[in-house]
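The structure appears below as C-alpha cells.
Basis for what follows: all heavy atoms, side chains included, without hydrogens, waters or symmetry-related copies.
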Amino acid sequence: MPNGYHDGGNHQYDMGALALNLDSSGRRVGNVVGYQGYQFGDSNNGRYWPDVRQFGYSMDTHPARSGISPYGHDPRFCVGAVSTPAYQELACDIGHGGSGGPTIYDMPLSRGWGYIIGHNSFQTVLGGHTNYGPVLGTAAINIHNAVQAD
C-alpha cells in the first residue's frame, strides 16, 4: 500500500496488492481459478474508458438477505464509461459494499475477462450515484513490481 494512502488517507493512492504462494502442485492461483488482465500506467491519466464494468456486493440498492451478512450476498455490477480527471469517475448505484470492487475495461461476455483499470474507492455523498477510484499509474506499477519481486 502506498504511503500516501496509509499515512494521509489520500484516495489517489488507495490501492494495494498481495502475493500468494504456489499451491502444492506448483500452480499459481490465477492459473487454477482464472484472472483478469490489467492496464496500469501514467498514460491512463486523463483517459476516457468506454464500456467498463464495476463490480461489488451492494448493501444499499440490493439489500442483504436476512441473517446472512450486513452486505449484499450476490455480486452486482454497473456498466458505463469512466472519465479520469483527478479520479476515475463512474455513474453507478452500487453504494456501500461496492468499495474495492474492480473496474474492468474491455470485458466481452464471450471472453469472460477484461482489464482491470481501477476500483471503487469512495463516494462523495452518502448514497450517491458516482463512484470514484484512483488512476492506476506509477504507484500501481510500483506496487505490482514489489509484489512480483517477492
Side-chain angles (χ1 to χ4, degrees), residues 1-20 28-30 33-66 68-150:
M1 174 183 302
N3 290 337
Y5 186 75
H6 183 265
D7 296 340
N10 183 337
H11 286 285
Q12 290 180 328
Y13 298 100
D14 180 7
M15 59 190 81
L18 65 113
L20 301 172
R28 296 181 188 278
V29 68
V33 301
Y35 54 89
Q36 300 293 324
Y38 57 88
Q39 290 189 7
F40 300 164
D42 288 333
S43 64
N44 295 332
N45 195 10
R47 184 168 172 186
Y48 175 79
W49 304 85
D51 192 32
V52 300
R53 285 156 177 76
Q54 191 172 80
F55 295 84
Y57 290 85
S58 177
M59 178 176 81
D60 300 326
T61 58
H62 306 282
R65 296 177 191 160
S66 179
I68 292 179
S69 76
Y71 294 100
H73 181 71
D74 299 314
R76 305 290 182 186
F77 69 95
C78 293
V79 177
V82 168
S83 58
T84 57
Y87 294 99
Q88 291 183 348
E89 299 178 16
L90 176 67
C92 181
D93 68 350
I94 286 179
H96 291 96
S99 296
T103 303
I104 301 175
Y105 172 69
D106 189 22
M107 186 179 173
L109 294 178
S110 61
R111 185 174 67 207
W113 63 271
Y115 299 94
I116 296 172
I117 61 166
H119 70 280
N120 178 9
S121 179
F122 68 98
Q123 295 176 337
T124 57
V125 177
L126 186 61
H129 296 294
T130 302
N131 294 339
Y132 299 89
V135 175
L136 301 181
T138 302
I141 291 170
N142 291 341
I143 291 170
H144 177 267
N145 290 343
V147 170
Q148 293 295 318
D150 282 348

message: Donor-acceptor pair, distance only, cut-off 3.5 Å: does the side chain of Q36 make one with the backbone of W113?
response: no

- request: Only pairs at least two apart or in different chains count here, so list each salt bridge (charged side-chain N to carboxylate O under 4.0 Å, His left out) that has a residue in residues 114-124.
  value: none

- prompt: Got a second to check how far Y132's OH is from Q88's CD, nearest 0.5 Å?
  reply: 12.5 Å

statement: Residues passing the side-chain hydrogen bond (donor to acceptor under 3.5 Å, both in side chains) test with Q54, sequence neighbours excluded, are T103, N131

query: Roughly how far, to the nearest 0.5 Å, is OG1 of T130 from OH of Y87?
result: 14.5 Å

- line: residues 79-90 vs salt bridge (charged side-chain N to carboxylate O under 4.0 Å, His left out), sequence neighbours excluded, gives none

- line: Tightest non-hydrogen contact, residues A81 and L90, listed as O-CD1, 3.3 Å

- request: Report yes if some heavy atom in the side chain of P102 is under 4.5 Å from a heavy atom in the side chain of R53; otherwise report no.
  value: no

- prompt: Any idea which heavy atoms bring I141 and G41 closest together, and the distance?
  reply: CD1-CA, 3.7 Å

- prompt: By side-chain contact (heavy atoms from CB on, under 4.5 Å), which residues pair with R47, not counting sequence neighbours?
  reply: Q39, N44, W49, T84, Y105

statement: Contacts of N142 meeting side-chain contact (heavy atoms from CB on, under 4.5 Å) (sequence neighbours excluded), chain-then-number -> T138

- request: Could you tell me which residues satisfy side-chain hydrogen bond (donor to acceptor under 3.5 Å, both in side chains) with Y115, sequence neighbours excluded, listed by chain and number?
  value: none

- request: For the residue pair Y38 and H144, categorise the inter-ring angle as parallel (less than 30°), tilted (30 to 60°) or perpendicular (more than 60°).
  value: tilted

task: With sequence neighbours left out, write down each residue that passes side-chain contact (heavy atoms from CB on, under 4.5 Å) with L109, or none if nothing qualifies.
output: none

field: Nearest atoms (heavy-atom pairs only) where G30 meets Y35
entry: O-CD2, 3.2 Å

- prompt: Atom CG in L136, atom CE in M15: separation rounded to 0.5 Å?
  reply: 5.0 Å

- prompt: Can you name the ring-ring contact (aromatic ring centres under 6.0 Å, His included) partners of F77, sequence neighbours left out?
  reply: F55

- prompt: How would you list all residue pairs meeting salt bridge (charged side-chain N to carboxylate O under 4.0 Å, His left out) that involve residues 100-123, not counting sequence neighbours?
  reply: D106-R111

